[in-house]
Amino acid sequence: MSHWYQPLEQWPRHPKAWWRDTLDVARSAGWHLQTVEGHTWGRIVCDPNADKPCKVLIFSSGVAGESAALTARRTVKRCDHHTAVEAGQILRKAAELLDRAEAMLEAASRCLRAVDKKAQAEELLLSAAMAADEAEKLAQALRHEEDGDRLVVEAFALLPRESELGCPPTPAELDVLVVDASAQVEEAQRLADTLPKGNADDGLLTRIGQVRARVVDLSERLGRGPDAIGSLPA
């Protein structure tokens with residue numbers, strides 16, 4: 001029985017270190033893996049849909065296995081079947097990951113802004129209670145409270161389908177959201193690194209840098225401690 005693995009999937013672990021290194025190189029280059037039963041552990045193929053794809057047999061064991069693995073690695077590096085279409089697919093996948101990361105970060109950012117709005121509302125309400133003639137402060141407090149509620153609603157609307165926040169969201173949940181967004185950014189970076197030479201996209205790399213900077217900014221805000229974060233709006 002055989003099984004195909006795509007380059008973005010987790011590949012099974014080969015028992016020999018030199019073949020594991022070769023498989024890592026092939027996977028990063030966008031190759032596909034087919035595992036089989038028997039002495040032949042499997043094979044790697046640059047593009048199963050190509051007319052004459054580059055392909056290399058991977059053995060479970062045997063004499064001169066390390067030499068065969070090095071030869072296979074050179075075959076992977078010499079392969080020129082990665083077309084502009086494949087590079088475009090990688091760019092689109094990386095862009096999708098960045099879209100998800102930005103949505104997560106924007107949701108977390110709006111929750112943090114909601115915290116600030118609620119804190120401002122509480123301060124204004126306290127000031128207004130101390131002076132009956134400060135009705136304007138009461139009105140401002142109500143506006144800030146409404147803004148906080150609106151930001152929380154917008155944050156929930158921005159969340160990707162499988163991401164979750166409590167109601168109200170907690171700082172720990174926001175931290176998980178930012179960590180998940182960071183993982184999406186790093187996966188986008190890994191995909192960008194697999195692009196064939198000459199297909200690098202400056203716009204994609206710039207966007208990765210921008211989203212990564214936003215991850216750092218929100219992480220620092222969340223890392224100020226629970227007293228600085230405050231309690232999120234209900």
Side-chain angles (χ1 to χ4, degrees), residues 6-10 27-30 82-121 143-226 228-234:
Q6 305 298 315
L8 296 180
E9 293 181 298
Q10 185 65 41
R27 181 170 174 265
S28 297
H82 275 284
T83 63
V85 173
E86 292 174 22
Q89 292 174 344
I90 293 175
L91 288 171
R92 284 194 297 274
K93 178 62 178 177
E96 289 174 2
L97 290 167
L98 289 174
D99 286 341
R100 290 168 53 80
E102 286 186 324
M104 293 175 180
L105 293 171
E106 184 60 27
S109 175
R110 296 195 183 204
C111 285
L112 289 172
R113 286 165 58 195
V115 170
D116 294 336
K117 291 292 185 181
K118 288 294 183 179
Q120 292 172 21
R143 285 195 294 272
H144 283 305
E145 190 166 14
E146 290 173 357
D147 287 343
D149 291 337
R150 175 181 55 79
L151 286 167
V152 170
V153 171
E154 291 175 355
F156 275 88
L158 283 165
L159 282 178
R161 182 175 302 174
E162 66 275 14
S163 298
E164 295 181 357
L165 283 177
C167 187
T170 66
E173 289 172 330
L174 296 182
D175 186 65
V176 170
L177 197 62
V178 173
V179 169
D180 288 345
S182 178
Q184 302 286 325
V185 176
E186 296 311 315
E187 180 64 11
Q189 178 68 65
R190 194 191 69 76
L191 286 172
D193 292 342
T194 67
L195 288 170
K197 291 183 178 179
N199 286 284
D201 187 290
D202 292 338
L204 175 64
L205 297 177
T206 298
R207 188 179 175 194
I208 289 174
Q210 292 170 343
V211 180
R212 183 177 283 139
R214 195 167 187 190
V215 168
V216 172
D217 177 64
L218 289 175
S219 296
E220 290 176 350
R221 292 189 65 184
L222 286 167
R224 289 181 297 175
I229 295 295
S231 59
L232 287 169

Side chain to side chain contact (heavy atoms under 4.5 Å, CB included) against [X], all qualifying residues, sequence neighbours excluded:
| X | value |
| --- | --- |
| E96 | K93 |
| E146 | none |
| D217 | R221 |

Could I get the full list of salt bridge (charged side-chain N to carboxylate O under 4.0 Å, His left out) partners for [X], not counting sequence neighbours?
| X | value |
| --- | --- |
| R113 | none |
| D99 | R207 |
| R214 | E106 |

Query raised in the report: Is any side-chain N of the basic residue among E145 and K118 closer than 4.0 Å to the acidic one's carboxylate O?
Result: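 Salt bridge present between E145 and K118.
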Which heavy atom in [X] sits nearest to a heavy atom in [Y], and how many Å separate them?
| X | Y | result |
| --- | --- | --- |
| A95 | L204 | N-CD1, 4.4 Å |
| H144 | A121 | CB-CB, 4.0 Å |
| A94 | A188 | O-CB, 3.7 Å |
| A108 | L177 | N-CD2, 3.9 Å |

State the [atom1]-[atom2] distance between [X] and [Y], to the nearest 0.5 angstrom.
| X | Y | atom1 | atom2 | result |
| --- | --- | --- | --- | --- |
| S182 | M104 | OG | CE | 11.0 Å |
| L105 | Q184 | CG | CD | 10.0 Å |
| L98 | Q189 | CG | CD | 9.5 Å |
| E220 | L222 | CD | CG | 10.5 Å |

Query raised in the report: Distance-only, no hydrogens or angles: does the R27 side chain make a donor-acceptor pair with backbone N or O of E9 under 3.5 Å?
Result: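 Yes: the side chain of R27 pairs with the backbone of E9.
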Query raised in the report: For E187 and L8, what are the C-alpha separation, side-chain angles and deciding distance, and is it a side chain to side chain contact (heavy atoms under 4.5 Å, CB included)?
Result: CA-CA 10 Å; E187 180 64 11; L8 296 180; 4.1 Å; yes
Query raised in the report: Does L218 reach the side chain of L174, with side-chain heavy atoms less than 4.5 Å apart?
Result: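 L218 vs L174: side chains apart.
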Report task. Taking the side chain as every heavy atom from C-beta outward, state whether E186 and L97 have any pair of such atoms under 4.5 Å apart. Result ->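 A side-chain contact is absent here, since even the closest heavy-atom pair is not under 4.5 Å.
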Requested in this report: For Q120 and D116, test the side chains for any donor-to-acceptor distance below 3.5 angstrom and give the result as yes or no.
Outcome: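 Side chains of Q120 and D116: no pair found under 3.5 Å.
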